[in-house]
Every structure is written in structure tokens, then in C-alpha cells.
Protein chains: 2
Amino acid sequence: MEQLNSLFKEKSLKVTPQRYAIYKYLKSTKSHPSAETIYEDLKVNYPTMSLATVYKTLRTLIEIGLVKEINVGEDNFRYDANVDTHPHLICRSCSRVDDIENYNFTFINEEAQKLTDYIIEDSKLFFYGICPECQKEGR
Amino acid sequence: MEQLNSLFKEKSLKVTPQRYAIYKYLKSTKSHPSAETIYEDLKVNYPTMSLATVYKTLRTLIEIGLVKEINVGEDNFRYDANVDTHPHLICRSCSRVDDIENYNFTFINEEAQKLTDYIIEDSKLFFYGICPECQKEGR
DNA sequence: TTCCGTGCAAACAATTTGCAGAATT
DNA sequence: AATTCTGCAAATTGTTTGCACGGAA
């Protein structure tokens, strides 16, 4: 949360309860929720929270680099407060999205840099398959 | 086009001028167009073409595996008739999308497989940076 | 003749925007 | 006190759907 406070001060953005709650929520989960899901979950404790505020806050957090936006092939975006570049696992049966952690994939950026005249700054890597739970269910 | 003809026959789908044109267009370009762009470009020669038909055809082509859908972080999807798994380069200045070809990245699937209990079937890899043209323009 | 596809318009869903009132600095 | 943010509703945009007509098998 210190990151939020100091970065907001620096950019002269206001730390409102809504913004705080949204960022804290994203920091606390690994489920890569959509805006709608964030909204639904926060509404319980923040009954006046509006979906528009969720979207506006997410946009702000993305702009200052505290959140990343991903699209795994659905009709909506998902949000992740883990901004370290890391691969995602997407289950094509239940649509859950997991992280691959503790493994450094950044070498692929360097690998790609050798193959192109682009200046490569970042990458997104998605693996598609079947999660352990769905395998057990025989899906 | 043989792929289209034989696959369509197999699935008892009809090869209409619209479907043929959309697939031929996608096969002929490396620009990863959106549905809207495909529609605009084909309208010149197919004045009765409808955007709904473009969407329906793309859905059909995806289902039989002749086209892949990608989302590079924009508000819409882009379509690619190169269905071999290959990485994409996205310019964060002009939004163009290029391919990385002639390099096999599939080893990352195997690499990821070691790190997870998912059954990994496919992957999507996007590199973000600045394309050569935008570099020249100093963007 | 049957079935499937097209194209129009309407429907839908995700996201953005405008603005008045409210809260933060 | 000044500025920024919230929350509502309306607007916008990308995509899908329903359905009558047309055309291919």
C-alpha cells in the first residue's frame, strides 16, 4: 500500500477509500478478476461503489504502472496487480487464470530481440490448457 | 484455399463468395486486421457484404481451426490466418502487429509444462515495443 | 425441396463519458 | 478553498442474435 500512497502523492492523485479498496483487493488475490468481478466483490463492503469508478480507478492504476491488464481471449479484460512480467496459465475448460511464478521467462525478450528490429520492452505470455481440477473432473 | 474447400466439405459447410473472400483476404495479409478492417476492405469489391457476416464467418473459421483470434490489448480482436503458433510483435506507438517467423518458440510450452500441473496445449506470446518505422520517426 | 448462409436491424455487453454533488488535499 | 473523485445515467463501441429472403446442394 506504500506504493500506492507514495505514487499517488507524486502524481497528485487522491487516495480515496474506493481506490484504496480496489488496489488492496487486487493485491490480495491471484484470481485475475474482471472489472465486473471486482465491483461485485467490493459492493458488499462498499455499497455505494460504482462500476464506473472501478473502471476509472483501474485505468489510473494502469497508467501509473501499479496494475496490468490482460485479455486471455474472453469478451472482457482481467486485471493483475502483480506487475512483474510473468506467464499466465488459462484453463480452456473452466477459464481460470493462474500464474507461473518462480521462473524467469525474461530471456525470451532477449531471444526475440535478436530476431527483430523492434525495440522490445515487454512481453505477455499465455499458456492454454486444462487445469488440474478440470483434469480430475474428466473435462 | 484447398484447406478451405476440403475442410468445408468435411464439415458440410458451404463455400460462399463471402467466406471465400474473407479467408483469402486473411491469407493474403500479414497485418492482423480487425473485423471492421476486413469489412471495410472487402466492401469495395463486395458491396453487399455485411459486418455481421464477417463476424459469423470469422467465428466459423476459428471453430474449424483455419483462423486464430488475438487480443493485443486493444478494444477489439484481430484475426490471423497463420494458425501455426508464432509470437507477435506489437508497436506501442503505431499499434501495428508483426509476426516473428522462422523461429520455433514451442520449446517454451515444454518448459512451462515442467512447472505446472496444467496440461498445456497451446500458447500465445506477445512482445511489446517500438517498431523500426516509429524508431526512425523518433516516437 | 431442404438446408444453410446472408444481410439487415435490433439486441447485448463491456467500457467510457458528462456532469453535479461529495470528498480529499 | 481549490481541486479532484465519485456515482449515476447516458452514450459509445465491439460483437452477437433473430429472422426473412436467397441460393447452393
Side-chain angles (χ1 to χ4, degrees), chain A residues 1 4-23 25 32-64 66-79 95, chain B residues 4-25 32-64 66-79 95:
Chain A
M1 293 306 125
L4 185 139
N5 280 296
S6 59
L7 252 174
F8 270 38
K9 191 159 291 177
E10 190 180 310
K11 311 267 183 186
S12 60
L13 295 166
K14 291 177 179 168
V15 182
T16 64
Q18 292 87 336
R19 286 174 168 179
Y20 194 85
I22 290 166
Y23 186 60
Y25 175 83
H32 312 84
S34 65
E36 183 73 36
T37 305
I38 298 169
Y39 169 64
E40 292 297 337
D41 286 356
L42 289 180
K43 215 165 45 170
V44 179
N45 291 312
Y46 298 80
T48 71
M49 176 80 72
S50 130
L51 186 52
T53 298
V54 174
Y55 275 111
K56 286 171 184 167
T57 298
L58 289 170
R59 199 53 47 215
T60 304
L61 293 171
I62 289 165
E63 272 161 21
I64 63 178
L66 288 183
V67 164
K68 281 198 180 182
E69 190 176 51
I70 60 176
N71 186 302
V72 300
E74 297 167 314
D75 44 5
N76 56 34
F77 285 93
R78 287 166 171 260
Y79 300 88
S95 300
Chain B
L4 185 139
N5 280 297
S6 59
L7 253 173
F8 270 39
K9 192 159 289 176
E10 190 180 308
K11 311 268 182 182
S12 59
L13 295 166
K14 290 175 183 170
V15 181
T16 65
Q18 291 88 336
R19 286 174 169 178
Y20 192 83
I22 290 166
Y23 185 60
K24 195 172 126 204
Y25 176 84
H32 312 83
S34 65
E36 184 72 36
T37 304
I38 298 169
Y39 170 64
E40 292 297 337
D41 286 356
L42 289 181
K43 214 165 45 171
V44 179
N45 291 311
Y46 299 80
T48 71
M49 175 80 71
S50 131
L51 186 52
T53 299
V54 174
Y55 275 111
K56 285 172 185 167
T57 298
L58 288 170
R59 199 54 45 215
T60 305
L61 292 171
I62 289 165
E63 273 161 21
I64 63 177
L66 288 184
V67 164
K68 281 198 180 179
E69 190 176 49
I70 60 175
N71 186 302
V72 300
E74 297 167 313
D75 45 4
N76 55 35
F77 285 93
R78 286 166 172 260
Y79 300 89
S95 300

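Chain identifiers are assigned alphabetically (A, B, ...) following the order of the sequence lines, protein sequences preceding nucleic acid strands; residue numbering begins at 1 within each chain.
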For atom CD1 of B:Ile38 and atom P of D:dT15, their distance in whole Å: 10 Å
Separation of atom CG in B:Asp75 from atom C1' in C:dA13, rounded to whole Å: 14 Å
B:Tyr46 OH to C:dT6 P, straight-line distance once rounded to whole Å: 12 Å
Out of C:dG5, D:dC8, C:dT16, whichever nucleotide has its closest atom nearest the side chain of B:Lys14: C:dG5
Closest listed nucleotide, where the reference is the side chain of A:Gln18 and the choices are D:dG14, C:dG7, D:dG7: D:dG7
Rounded distance in Å - CG (A:Leu4) to P (D:dC5): 12 Å
Modelled atom types, side-chain donor and acceptor of B:Thr60 and B:Thr57, under 3.5 Å: no
Sugar-phosphate, base or nothing in reach of A:Thr48, heavy atoms under 4.0 Å: sugar-phosphate
A:Glu63 CD - D:dC5 P separation (whole Å): 11 Å
Check: B:Glu69 and B:Arg59 side chains under 4.5 Å, non-hydrogen atoms: yes
A:Tyr55 side-chain proximity, nearest of C:dT6, C:dA14, C:dC3: C:dA14
Sugar-phosphate, base or nothing in reach of A:Thr53, heavy atoms under 4.0 Å: base
A:Lys56, nearest nucleotide to its side chain (from D:dC8, D:dC5, D:dT17): D:dC8
Out of C:dT15, D:dT15, C:dT24, whichever nucleotide has its closest atom nearest the side chain of A:Leu51: C:dT15
Close side-chain approach of B:Ile22 and B:Val67, heavy atoms under 4.5 Å: no
Short side-chain N/O contact from B:Thr16 to OP1 or OP2 of C:dT6, under 4.0 Å: yes
B:Lys43 NZ: over 12 foreign heavy atoms closer than 6.0 Å: yes
Flag side-chain contact, heavy atom, 4.5 Å: B:Phe8 against B:Leu61: yes
Atom pair distance, as rounded to whole Å: OH in B:Tyr20 and P in D:dA24: 16 Å
Length of the line joining A:Arg59:CZ and C:dA14:C1', which is rounded to integer Å: 12 Å
Nucleotide nearest B:Tyr79 when distance is taken to its side chain, options D:dG7, D:dT15, C:dG7: D:dT15
Selected nucleotide, minimal atom distance to A:Arg19 side chain, candidates D:dT6, C:dT17, C:dC8: D:dT6
Length of the CD-P vector between B:Glu36 and D:dT15, whole Å: 9 Å
Which residue lies more 5' along DNA chain D, comparing A:Thr60 with A:Tyr39 via nearest heavy atoms: A:Thr60
Of A:Val15 and A:Ser34, the one whose closest DNA chain C nucleotide lies more 5': A:Ser34
